[in-house]
Amino acid sequence: MNNKKFLAAVVGLGLVTLSACGSSSSDSEGNGSKTVTLVSHDSWAVSKNVLADFEKKSGYKVKVLEDGDAGQAVNKAILTKDNPQGDVFFGVDNTLLSRALDNGLFQSYEAKGADRIKAGYRVDGDKVTPIDTGDICVNYDKAYFTEHKLQPPTSYDDLIKPAYKNLLVTENASTSSPGLGFLLGSAAKYGDDGWQGYWKKLKANGVKVVDGWEQAYNEEFSGSAGGKKAKADRPLVVSYASSPPAEVIYADPKPTTAPTGVAQATCFRQIEYAGLLSNAANAKGGKALLDFLLTKEFQQDMPLNMFVYPVVDGAQVPAEFTQYGPQAKDPETMDPAKIADNRDDWVKSWTSLVLK
């Protein structure tokens, strides 16, 4: 889920960034190579010991290329698909999956362990492998609402009420994965004919739109550690259900309760996938890496590194997730085919409606 790694750095403990693991020598060419290259958005992170264990067992060194926001990374991968930057792409989610598949970004491969993926996350075919999931939701600053003796919003409908005027910041749906997810969530909630009317009301109620998650969460949202430093004045932000546990885990000293909360009826379920890139120079290494992403070791390592939930049966999540950031019980969802049919038109309409 893109850019959540930035949150950890802002609140005092950087995550492991593997932007240059492994060799960049000429042995990275061909299936005989002992270097395998992962292309990802900027939120990729894994514990050093977990990666080292894979490298020791497999004999491959892992090189990671981070290519910005999820949307940017997918678009760049499509443009370079005939001569790809790497062997495996990680981080295309259900909001952008059809774009990647329609452009032939991936070749077929069924990863070992795919039979352990929970039924709700499986996809047809073998072009991509589900790796993690999370919920895009409105987060709120508990201190603000306590101080103003105002109940925090719980639903989409609440956000357009006068009591919450000029309080919400969200991301641009055309440039940001959580921004797009929030748009799709509203379309799932209000339907093809109702979401535009909802956004007209949201705009009239003073919603602020910024380019991406980092700016929205760490500069505009008063409830985050970064927002406090920036003297932010928006107590509502589109972020993730896993953001509150991050605020606890990386705080020093740790608070007894999360300083932020989640409006549970504003959540949209996001699923991230990985796939073997078409024309991958090291397809054999890429397959081994995809197998690794479904191992229990990696799946249980993800939550505290990328603040996402595992998708395989038997993988445990940290207690902080259960306590401070449980998954939404009834999130909005949308069939990938419907996203594919409507996404571009909806984003164009949203841009004209909200930004102009």
Side-chain angles (χ1 to χ4, degrees), residues 1-7 10 39-44 65-80 85 89-100 102-103 105 134-139 159 168-188 195-196 198-200 202-203 206-221 224 226-227 230 232 234 236-240 243 266-273 306-308 332 334 336 339-340 342-356:
M1 323 306 266
N2 51 303
N3 295 327
K4 291 186 292 299
K5 183 167 60 182
F6 185 85
L7 168 62
V10 168
V39 182
S40 175
H41 53 56
D42 285 344
S43 289
W44 162 265
L65 299 177
E66 297 180 355
D67 263 342
D69 184 87
Q72 294 174 323
V74 170
N75 289 337
K76 186 172 182 179
I78 290 171
L79 291 172
T80 59
Q85 293 180 287
F89 186 92
F90 165 82
V92 59
D93 64 37
N94 50 315
T95 68
L96 298 168
L97 180 60
S98 64
R99 181 179 297 169
D102 291 347
N103 282 277
L105 187 58
D135 296 321
I136 296 169
C137 315
V138 170
N139 284 210
L159 298 174
L168 175 65
V169 59
T170 188
E171 302 84 359
N172 190 325
S174 67
T175 59
S176 166
S177 180
L180 177 57
F182 188 54
L183 167 59
L184 294 178
S186 67
W195 73 264
Q196 291 187 359
Y198 174 75
W199 275 93
K200 288 179 182 178
L202 203 59
K203 182 178 181 180
V207 64
K208 184 174 184 177
V209 179
V210 297
D211 286 340
W213 180 88
E214 290 181 8
Q215 182 181 357
Y217 193 85
N218 289 307
E219 298 178 21
E220 302 287 347
F221 177 48
S224 70
R234 294 265 165 166
L236 298 173
V237 65
V238 173
S239 190
Y240 296 89
S243 296
T266 65
C267 297
F268 178 79
R269 180 62 47 86
Q270 188 179 46
I271 304 167
E272 283 191 307
Y273 307 88
M306 293 189 281
F307 288 88
V308 291
E332 298 294 340
M334 187 174 291
I339 295 175
N342 295 281
R343 179 188 56 237
D344 293 344
D345 288 340
W346 284 346
V347 169
K348 288 179 183 178
S349 296
W350 179 91
T351 300
S352 296
L353 181 67
V354 179
L355 299 185
K356 296 180 180 180

Check: Between Ser349 and Gln196, which heavy-atom pair has the shortest distance, and what is it?
Finding: CB-NE2, 3.4 Å
Margin query: Under the rule for side-chain hydrogen bond (donor to acceptor under 3.5 Å, both in side chains), what residues qualify as partners of Arg269, not counting sequence neighbours?
Written below: Asp135
Next item on the list: Could you tell me whether the side chain of Arg99 reaches within less than 4.5 Å of the side chain of Asn75, counting heavy atoms only?
Entry: yes
Notebook entry, point to check: Any side-chain heavy atom of Leu180 within less than 4.5 Å of one from Val347?
Noted result: yes
Note to self: Could you tell me if the side chain of Glu332 sits less than 4.5 Å from the side chain of Cys267, heavy atoms only?
What the structure shows: no
Item checked: Residue of the set Ser239, Ser243, Ser176, Ser177 for which side-chain hydrogen bond (donor to acceptor under 3.5 Å, both in side chains) holds with Trp213 -> Ser239
Next item on the list: Could you tell me whether the side chain of Leu236 reaches within less than 4.5 Å of the side chain of Asn139, counting heavy atoms only?
Entry: no
Notebook entry, point to check: Hey, what do you get for CE (Met306) to OH (Tyr240), rounding to the nearest 0.5 Å?
Noted result: 12.0 Å
Checklist line | Validation row: Asp93, Ile271 side chains within 4.5 angstrom (heavy atoms) | finding: no
Checklist line | Reported CG-to-CG distance for the pair Asp102 and Leu97, which is rounded to 0.5 angstrom | finding: 9.0 Å
Item checked: Full working for side chain to side chain contact (heavy atoms under 4.5 Å, CB included) between Leu355 and Val209 -> CA-CA 8 Å; Leu355 299 185; Val209 179; 3.8 Å; yes
Check: Heavy-atom count around Lys200 NZ within 6.0 Å, excluding the residue itself: above 12?
Finding: no
Checklist line | Side-chain heavy-atom pair Arg343, Ser98 within 4.5 angstrom cut-off | finding: yes
Margin query: Can you give me the closest heavy-atom contact between Ile339 and Asn94, atom names plus distance?
Written below: CD1-O, 3.5 Å
Item checked: Partners meeting side-chain hydrogen bond (donor to acceptor under 3.5 Å, both in side chains) with Trp350 (sequence neighbours left out) -> none
Next item on the list: With sequence neighbours excluded, tell me which residues meet ring pair (Phe, Tyr, Trp, His ring centres under 6.0 Å) with Phe221.
Entry: Tyr217
Item checked: Worked verdict on Phe90 versus Val39 for side chain to side chain contact (heavy atoms under 4.5 Å, CB included) -> CA-CA 6 Å; Phe90 165 82; Val39 182; over 6 Å; no
Next item on the list: Side-chain contact test, heavy atoms from C-beta onward, threshold under 4.5 Å: evaluate it for Leu168 versus Val237 and give yes or no.
Entry: no
Item checked: Residue pair Ser186 / Tyr198: nearest heavy atoms and the distance that separates them -> CB-CD2, 4.1 Å
Checklist line | Side-chain (Thr175) to main-chain (Asp211) donor-acceptor, under 3.5 angstrom | finding: yes
Item checked: Heavy-atom closest contact (Val138 atom, Leu159 atom, distance) -> CG2-CD1, 3.9 Å
Notebook entry, point to check: Nearest heavy-atom pair of Val74 and Ala100: which atoms, and what distance?
Noted result: CG1-CB, 4.5 Å
Margin query: Quick one, Phe89 with Tyr273, criterion side chain to side chain contact (heavy atoms under 4.5 Å, CB included). Give me CA distance, side-chain angles, the key distance, then yes/no.
Written below: CA-CA 8 Å; Phe89 186 92; Tyr273 307 88; over 6 Å; no
Check: Leu353 and Lys203: which non-hydrogen atoms are nearest, and at how many Å?
Finding: O-NZ, 3.1 Å
Margin query: Holding to side-chain hydrogen bond (donor to acceptor under 3.5 Å, both in side chains), I want the full list of residues that pass it with Ser174, two or more places apart in sequence or in another chain.
Written below: Asn172
Check: Among all residues two or more places apart in sequence or in another chain, which pass the side-chain hydrogen bond (donor to acceptor under 3.5 Å, both in side chains) test with Thr266?
Finding: none
Notebook entry, point to check: Going by heavy atoms in the side chains, are Phe182 and Phe268 under 4.5 Å from each other?
Noted result: no
Next item on the list: Only counting residues at least two apart or in another chain, list the ones meeting salt bridge (charged side-chain N to carboxylate O under 4.0 Å, His left out) with Glu220.
Entry: Lys208
Notebook entry, point to check: Taking atom NZ of Lys76 and atom CD of Gln85, what is their separation to the nearest 0.5 Å?
Noted result: 4.5 Å
